[in-house]
Amino acid sequence: MWIPEWLYERLPLLYLVCGCACLWGLGESFAVKLSALLFFAAAALTFGMRRHARRPVVARKRLPSKRR
């Protein structure tokens, strides 16, 4: 699936806005709260995965082998 880069970069913010819009515009029912929670979770997961993927790779030290 391909989406434009400008939209891809703003997805976490879009998820947050959609979650807030659910709570503000649709009321206080269980389904609305669940939908908003799922939007907030998607925002957090997307943000976290991107942050992890864009983190510089640090060379890991190799532990000494226990071979004889």
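Keep in mind it's a predicted model, so treat the numbers as computed, not measured.
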Inset, instruction - Locate the shortest heavy-atom distance separating A36 from L23; write the atom from each residue and the value. - result: CB-CG, 3.6 Å

Legend entry - ILVMFWY cluster, Y15 and Y8 together (side-chain gap under 4.5 Å): yes

Inset, instruction - Could you work out the complete set of other residues in the hydrophobic cluster of V17, with links drawn between I, L, V, M, F, W and Y side chains under 4.5 Å apart? - result: L13

Legend entry - Joint hydrophobic cluster, F47 plus L16, side-chain heavy atoms closer than 4.5 Å: no

Inset, instruction - Working to the nearest 0.5 Å, report the span between CG of L7 and CG of L14. - result: 6.5 Å

Legend entry - Joint cluster assignment, V32 & W24, ILVMFWY side-chain distance < 4.5 Å: no

Legend entry - Full working for side-chain contact (heavy atoms from CB on, under 4.5 Å) between C20 and F39: CA-CA 9 Å; C20 290; F39 274 122; over 6 Å; no

Inset, instruction - Can you run down the side-chain hydrogen bond (donor to acceptor under 3.5 Å, both in side chains) pairs that involve residues 28-51, sequence neighbours left out, and say none if there aren't any? - result: none

Inset, instruction - Could you tell me whether E5 atom CD has more than 12 heavy atoms of other residues or ligands within 6.0 Å of it? - result: no

Legend entry - Spacing of C22 atom SG and L38 atom CG [to the nearest 0.5 Å]: 9.5 Å

